[in-house]
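I have placed the structure first, in the form of structure tokens, so that the comments after it can refer back to it.
Owing to the predicted nature of the structure, the values given are computational and were not obtained by experimental measurement.
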Amino acid sequence: MNKWIRGTNAVVLSLAVIGIFIVLTIFLNSTKSLQIDLTQNKKFTLSDKTTETLKALDKDVHIISLTSDQTDPYIKRQVDELVQEYKKRNGKIVFDEYDIVKQPALAKQYEVDPSGTLVVESGTVKKTLYYADMFIPGQQQGEYRFSGEEKLTQALVNLNVKEKSKLYFLSGHNEIPLNQLNLWRSGLEGENYEVKELNLLREGKIPDDAEVLFIIGPQNDISDKENEVIKEYLKGKGKLYAALGFNKDMEKQWKNIDGLLAQYGIKDQHAIAIEPKQSQLFDPLTIIPEYGSHAITKKLQDYNLLTMMNLAVTLNTEQPVADYTTTVILKTTANAYGETDIETLTKSRTAKDDKDIKGPLNLGYVAETKENKPKAVVLGGSSFLVDNVIQQQGNRDFALNSVGWLQEQKDQVTIRPREGDAIKQAMITGSQASSIFYGTVLLFPLLFLIVGGTVWWRRRRG
């Protein structure tokens with residue numbers, strides 16, 4: 001009788017445990033949004049800004065992951081997991097993954113990077129994000145910071161911007177052509193700008209819808225008539241983004257370009273910045289500028305992202321201009337000097353002398369109106385904007401931030417990147433691998449069977 005009672009109790013207890021398990025499973029399944037992030041760096045916890053953006057998202061969004069065999073699997077997994085977190089919180093998000101090697105037509109349809117591309121689409125609006133831009137090198141070898149949430153949330157915010165700002169890039173003076181600025185251009189287009197080329201000789205005027213005129217790396221001076229047109233444009237609401245390029249005859253040839261800068265009290269010193277002891281990684285003509293205190297550079301300073309300039313022209317401010325104030329945003333160390341003997345420099349020779357300009361040197365300025373409205377960005381270098389250099393460190397972020405400041409973008413998203421530890425590989429021998437396999441697959445299960453069988457046998461005999 002006692003055995004029957006004990007058996008009945010065991011059955012009832014087992015059914016109760018199974019029932020509790022079923023009820024708990026149904027409850028957890030009904031609360032899909034409930035999750036607890038136990039990871040060290042809270043890698044699955046979205047920021048308040050992202051949560052607010054997802055709640056406000058009221059349009060269908062298609063996110064496409066385009067990868068290849070060149071995509072790091074670990075990087076791909078982190079991006080995919082991030083998008084899945086977004087998808088959980090808003091049912092209007094659809095996520096698809098494609099291999100561009102197996103589906104090359106998609107690679108032609110979108111501007112893809114073989115290391116990984118994320119496309120965010122809604123109707124006719126499209127934003128392109130590159131995996132490489134989401135991962136920032138850390139302080140130690142192999143460490144990184146993942147800024148994917150900031151990039152993706154910014155893309156979703158930009159979907160709501162209906163009108164695009166018109167940006168015109170001046171041509172006809174041996175500027176850097178737009179086909180060598182594809183990555184910067186795609187980044188600007190992803191921020192809701194419309195980028196066009198402008199040749200004043202053909203057009204005769206600056207279009208009325210031009211919000212910013214870009215002069216990037218000109219080798220030749222602008223003509224007197226072009227100068228009049230540009231100055232008239234800048235007197236109104238027009239804005240200027242000028243990034244100078246190297247020209248050994250710039251002191252004699254850049255009369256009108258220098259005149260444009262002088263409107264804001266900025267002077268081209270016609271010298272090339274030399275940093276003799278800055279880094280063993282680069283030659284003295286490659287400058288890693290220090291940042292001035294400004295909204296453009298704040299995020300770069302916070303994330304310890306550096307900008308790189310090559311053959312940079314030194315700048316300075318003359319007498320203050322009544323209508324504008326200027327602020328330094330890029331400068332060198334005190335060890336640098338400005339080489340004024342350009343002819344000798346072109347022969348790969350340089351030595352500091354009394355004719356050179358003593359450091360620290362200024363390499364970048366911004367100009368504002370009396371009402372503290374952005375008016376101009378003037379940089380001493382432009383080579384960091386080309387496709388094969390802009391991906392390095394903070395170049396692309398600086399280029400986009402400076403345009404965003406000039407256009408007074410108020411909807412910029414700032415989410416601190418997540419810290420990621422270096423990936424560690426465990427190196428084991430073949431015999432060690434066999435021991436792990438047999439121990440986990442055979443030995444441990446067999447041990448549990450023996451222990452369980454022994455307990456069962458003793459209870460049966462008792």
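Across all their heavy atoms, Ala210 and Tyr233 have their closest contact at O-OH, 3.2 Å. The nearest pair of heavy atoms linking Tyr131 to Ser65 is OH-OG, 2.7 Å. Taking both residues in full, the closest heavy atoms of Thr71 and Pro114 are given as OG1-O, 3.1 Å, listed atom of the first, atom of the second, then distance. For the pair Leu361 and Gly338, the tightest heavy-atom approach, listed with the atom from each and the gap, is CD1-N, 3.6 Å. A pairwise comparison of heavy atoms in Thr297 and Phe398 identifies CG2-CE1, 4.2 Å as the closest pair. Heavy-atom minimum distance, Pro276 versus Pro284: CA-CB, 4.2 Å.
The aromatic rings of Trp405 and His294 sit perpendicular, their planes meeting at an angle over 60°, well past the 30° parallel limit.
Remark: Leu305 CG to Asn401 CG distance equals 9.5 Å, nearest 0.5 Å. Taken from CG in Leu57 to CZ in Arg89, the straight-line distance is 14.0 Å, to the nearest 0.5 Å. Rounding to the nearest 0.5 Å places CG of Leu240 at 9.0 Å from NZ of Lys375. With rounding to the nearest 0.5 Å, the separation of CG in Leu379 from CD1 in Ile329 is 5.5 Å. Between Ile222 atom CD1 and Asn227 atom CG the span is 4.5 Å, to the nearest 0.5 Å. One finds the CD1 atom of Ile272 at 9.5 Å from the CG atom of Asn247 (value rounded to the nearest 0.5 Å).
Residue pairs satisfying the ring pair (Phe, Tyr, Trp, His ring centres under 6.0 Å) criterion with at least one member in residues 89-126, sequence neighbours excluded, are absent. For residues 180-189, the salt bridge (Lys or Arg N to Asp or Glu O under 4.0 Å) pairs, not counting sequence neighbours, are Arg185-Glu189. Pairs of residues two or more places apart, or lying in two chains, that qualify as ring pair (Phe, Tyr, Trp, His ring centres under 6.0 Å) and include a residue from residues 205-228 are Phe169-Phe214, Trp184-Phe214, Phe214-Tyr241.
A donor atom on one side chain and an acceptor atom on the other are found under 3.5 Å apart for Ser47 and Glu149. For the residue pair Thr333/Glu275, the side-chain donor-acceptor check at 3.5 Å is satisfied. Under the 3.5 Å distance criterion, with hydrogens and angles disregarded, a donor-acceptor pair is assigned to the side chains of Thr50 and Thr153. Between the side chains of Asn158 and Gln154, at least one donor N or O sits under 3.5 Å from an acceptor N or O. In the model, Tyr168 has a side-chain atom that pairs as donor or acceptor with a side-chain atom of Asp209 under 3.5 Å. No hydrogens or angles considered: a donor-acceptor pair under 3.5 Å links the side chains of Thr369 and Glu371. Side-chain contact check for Tyr86 and Thr53: no donor-acceptor pair (N or O, by modelled atom type) lies under 3.5 Å. Between the side chains of Ser383 and Asn310, no donor N or O sits under 3.5 Å from an acceptor N or O.
With a 4.5 Å cut-off on side-chain heavy atoms, Tyr291 and Lys331 do not count as touching. Annotation: side chain of Thr332 is not in contact with side chain of Glu290 (no heavy-atom distance under 4.5 Å). A 4.5 Å side-chain heavy-atom check between Val83 and Asp80 finds every atom pair outside the cut-off. Side-chain contact between Val195 and Leu178 is present, with at least one heavy-atom pair separated by less than 4.5 Å.
Formation of a donor-acceptor pair under 3.5 Å by the Gln409 side chain with backbone atoms of Gly404 is not found in this model. Put simply, the side chain of Asn316 never gets that close to the backbone of Lys267: no donor and acceptor are under 3.5 Å apart. Without hydrogens or angle criteria, Asp387 side chain to Asn182 main chain gives a donor-acceptor distance under 3.5 Å. Looking at Asn174, its side chain never comes within 3.5 Å of a backbone N or O of Pro218 through a donor-acceptor pair. At least one donor-acceptor pair under 3.5 Å links the side chain of Glu226 to the backbone N or O of Ser223. The main-chain N or O of Asp60 is found under 3.5 Å from a side-chain atom of Ser122 such that the two form a donor-acceptor pair. Without hydrogens or angle criteria, Arg396 side chain to Gln392 main chain gives no donor-acceptor distance under 3.5 Å. A donor-acceptor contact shorter than 3.5 Å links the side chain of Ser147 to the backbone of Met134. For Asn256 (side chain) and Asp221 (main-chain N/O), no donor-acceptor pair under 3.5 Å exists by modelled atom type. With Asp356 contributing its side chain and Thr340 its backbone, the two residues share a donor-acceptor pair below 3.5 Å.
Remark: Asp113 pairs with no residue by the salt bridge (charged side-chain N to carboxylate O under 4.0 Å, His left out) rule, at least two apart or across chains. Residues passing the salt bridge (charged side-chain N to carboxylate O under 4.0 Å, His left out) test with Asp397 are Lys151, sequence neighbours excluded. With sequence neighbours excluded, the residues satisfying salt bridge (charged side-chain N to carboxylate O under 4.0 Å, His left out) with Asp224 are Lys255.
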Practice item. Applying salt bridge (Lys or Arg N to Asp or Glu O under 4.0 Å), run through Lys239 and Glu211 and close with a yes or a no. Key: CA-CA 6 Å; Lys239 299 175 182 179; Glu211 298 194 25; over 6 Å; no

Check your understanding: Under the side-chain contact (heavy atoms from CB on, under 4.5 Å) criterion, do Glu175 and Gln219 qualify, and how do the steps go?
Key -> CA-CA 6 Å; Glu175 295 91 347; Gln219 292 298 298; over 6 Å; no

Exercise for review: Take Ile100 and Thr67 through the side-chain contact (heavy atoms from CB on, under 4.5 Å) test and state the conclusion after the steps.
Suggested key: CA-CA 6 Å; Ile100 60 175; Thr67 56; over 6 Å; no

**Study point:** Chi angles and distances behind the side-chain contact (heavy atoms from CB on, under 4.5 Å) call for Gln263, Val321
**Key:** CA-CA 7 Å; Gln263 292 182 103; Val321 178; over 6 Å; no

Point to revise | Verdict with reasoning, Ser186 to Thr128, per side chain to side chain donor-acceptor pair (under 3.5 Å) | key: CA-CA 7 Å; Ser186 64; Thr128 302; over 6 Å; no

Practice item. Give the C-alpha distance, both sets of side-chain angles, the deciding distance and a yes or no for salt bridge (Lys or Arg N to Asp or Glu O under 4.0 Å) between Glu85 and Lys87. Key: CA-CA 5 Å; Glu85 289 299 311; Lys87 183 180 176 183; over 6 Å; no

**Study point:** Chi angles and distances behind the side-chain contact (heavy atoms from CB on, under 4.5 Å) call for Ile274, Leu345
**Key:** CA-CA 10 Å; Ile274 307 291; Leu345 183 63; 4.2 Å; yes

Practice item. Would you check, one step at a time, whether the test salt bridge (Lys or Arg N to Asp or Glu O under 4.0 Å) holds for Glu191 with Lys164? Key: CA-CA 9 Å; Glu191 299 289 342; Lys164 293 186 176 183; over 6 Å; no

Point to revise | Worked verdict on Glu97 versus Lys76 for salt bridge (Lys or Arg N to Asp or Glu O under 4.0 Å) | key: CA-CA 10 Å; Glu97 302 175 60; Lys76 181 181 185 304; 2.6 Å; yes

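Thr314 pairs in a side chain to side chain donor-acceptor pair (under 3.5 Å) with only one of the listed residues (His270, Gln269, Glu339), which is Gln269.
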